[in-house]
Amino acid sequence: MIILRDLTKVYSLHGRQNVVADGINAVFPSRTSVALMGRNGAGKSTLLRMIAGTSDPTSGDILSDGTISYPVGFAGSFHPDLTGAQNTLFVARIYGADTDKLTAYVEDFAELGSHFHLPVRSYSSGMRSRLAFGVSMGLQFDTYLIDEITAVGDADFKRKSRTVFKERMKQAGSIFVSHSVRMMREMCDAGAVLENGRLTYYDDIEEALDRHMFDMHGSGSSLSVIGDEYSAGRADQLLPAGARLLYGLGVPHAGLEWLSRILRKSRKCLCQPQKEIHYFDILAGKHTEILERRVKTLHRLSEALNPDANESEKNFKTLQQMNAVSALLSIHAGSPESENRHQGYVDYLLTGRKNQPVLCDFTPSYCMLGTDEFRDMAGIGDCLFLLVFRDPASRIWAEICAQHAGKGLPEEDYRKVCLKDLRRAIKDPALTRHPSADYAGMIRRLEGAVARERILYLFYETLFTQSSINRLCRFINLPEHPLEPVPTDGEAFEMPAPLAKELRDALSPQYEAMKAKFKDNLPAGWQGAPLALKQSDLASDDPELAR
């Protein structure tokens, strides 16, 4: 039994007080699994930490006549420089458990493989959670504190976790935090709702769910039938509750790092160091050469390791690079048939997360994906889509120039090869369906899979303005940020006017489609009219244009 008596917890920040617990009086009975509910930020995790003794209340008492686990899911209690095995030994000694027995149990249960003997700092968030759950289930407590932990891992691991948890509940109780209604109904007998610092206990889980639904949506039992549909913490979705994912599609490379720098200014936004993750396009069978290149890089780095003790500093840097590449490769480890095939990808996005509500994946080539792929992307959780358009002719020209820019060609040769590719593109009958400039197709496929209110369309020509950045910040609910210095797109020379006219004329169906969609909101020069040329432009004596 756990008794809360006049429990109060107040945080003070910048002269303002946030009351998490306001004189709570409640009793959690022995051998009863209680679902702790409340909206995001209500203080559920704080209450668990106070009950566990890892956080002190401002005033009041917490009394218990039995043993209480640490909050399972709060893997921050592990030392990052110790291995999973060493952390398990440490916990076993603290609780007076058999060290060999607990280590064997956790190693088998957590399914970490060789990672069990690697430092915890190298673990993904899912791996840390599996370790925490395994350690907790390997110890005998009278009350287990569970914080959204049984949603970790693939379907088989989830089933195993639920089975073990139910077995423990035959002899113990729990306080169970989850955003899955289905999970709370399956695991819990009673419920407690935390709202505005007040805790109300219900002997019937359905009564607690009705009260929670009313707090969340303003209505009662009729909403309980929606089951897991009420939040991004649905059981079939992988993002943590309260987190949303922003996909950046079609963002030209010149604006990619610039946009990421602006979003990183907010502590609420997490952008991984890898600029382009290339997960869904590789999954769809596109850009597989990127995956092959990453595998080759890992092999090259492993061969560069030197057993000489004098090379320890160099080896350390090589191992760091190997760790980064290995993390990228691990996102593709899931079985295509598994319901949690995207778990490795989500774990990668969550690396280093400190409860930021916005995660980012800016991979320009995602714009080439189909409706089914977009629907798969949206199914991960609470997802938003940013699609950046650039004048189609300018985009194709920029891609041609970028394709040859890194080849070290002399300037004159570079110019010739770019113009040659440009003329080839103009003559291509499939030009209007060019993968990166088929905007009509992109919009049709994306809006066929994702609700319109979850899509933001911006234009590259006006992207580097305060108004566009403010629109983006409002879209993802972040504070507005001042601009960074505007980058250059790396084009070596302007597209010759006669060829620019031919290219725009050939792309006229795309211009007309965009004009029909966005009307007067298109940037200047985007209105779809053929490019006006001066007589001097048409009379160019450039031999490259005469070919």
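From a predicted model like this one, the values you see are computed outputs, not experimental measurements.
A donor-acceptor pair is defined here as one N or O able to donate and one able to accept, closer than 3.5 Å; no such pair exists between the side chain of D376 and the backbone of D372. Under a 3.5 Å cut-off, the side chain of T363 and the backbone N or O of Y366 do not form any donor-acceptor pair. Side-chain atoms of T32 come within 3.5 Å of backbone N or O of S30 as a donor-acceptor pair. In this structure, E373 contributes its side chain and G370 its backbone to a donor-acceptor pair below 3.5 Å. R128 contributes a side-chain N or O that, together with a main-chain N or O of Y123, makes up a donor-acceptor pair within less than 3.5 Å. Side chain of S174 to main chain of L145: no donor-acceptor pair is present (N/O by atom type, distance under 3.5 Å, no hydrogens or angles). Remark: side-chain polar atoms of K44 are paired, donor with acceptor, to backbone N or O of G38 under 3.5 angstrom. Remark: side-chain polar atoms of Y247 are not paired, donor with acceptor, to backbone N or O of C383 under 3.5 angstrom. Checking side-chain atoms of S326 against main-chain N and O of M322 turns up a donor-acceptor pair under 3.5 Å.
Between T58 and T8, the side chains place no donor N or O within less than 3.5 Å of an acceptor N or O (distance only, hydrogens not considered). With 3.5 Å as the limit, one finds a donor-acceptor pair spanning the side chains of D6 and N25.
Checked against the 6.0 Å centroid threshold, F280 and H342 count as a close aromatic pair. Ring-centre distance between F165 and F176: below the 6.0 Å cut-off. Ring centroids of F141 and Y144 are separated by less than 6.0 Å, placing the two rings close together. Taking the six-membered ring for Trp and the full ring otherwise, the centers of Y279 and H332 sit less than 6.0 Å from each other.
Scanning all heavy atoms of the two residues, the minimum distance from I2 to I175 falls at CD1-CD1, 4.3 Å. Contact detail for C360 and L349: the closest heavy-atom pair is O-CD2, 3.9 Å. When all heavy atoms are compared, the tightest approach of D81 to P119 is O-CB, 4.1 Å.
Geometric assessment of K160 against the ring of F109 yields a positive cation-pi assignment under the 6.0 Å and 45° thresholds. Taking the ring centre of Y11 as origin, the terminal cationic atom of K9 falls inside the region bounded by 6.0 Å and 45° from the ring axis.
Other residues, nucleotides and ligands contribute at most 12 non-hydrogen atoms within 6.0 Å of the CG atom of N477.
Using a 4.0 Å cut-off between charged side-chain N and carboxylate O, E195 and R39 make a salt bridge. The pair D382-R244 meets the salt-bridge criterion, since a charged nitrogen lies less than 4.0 angstrom from a carboxylate oxygen.
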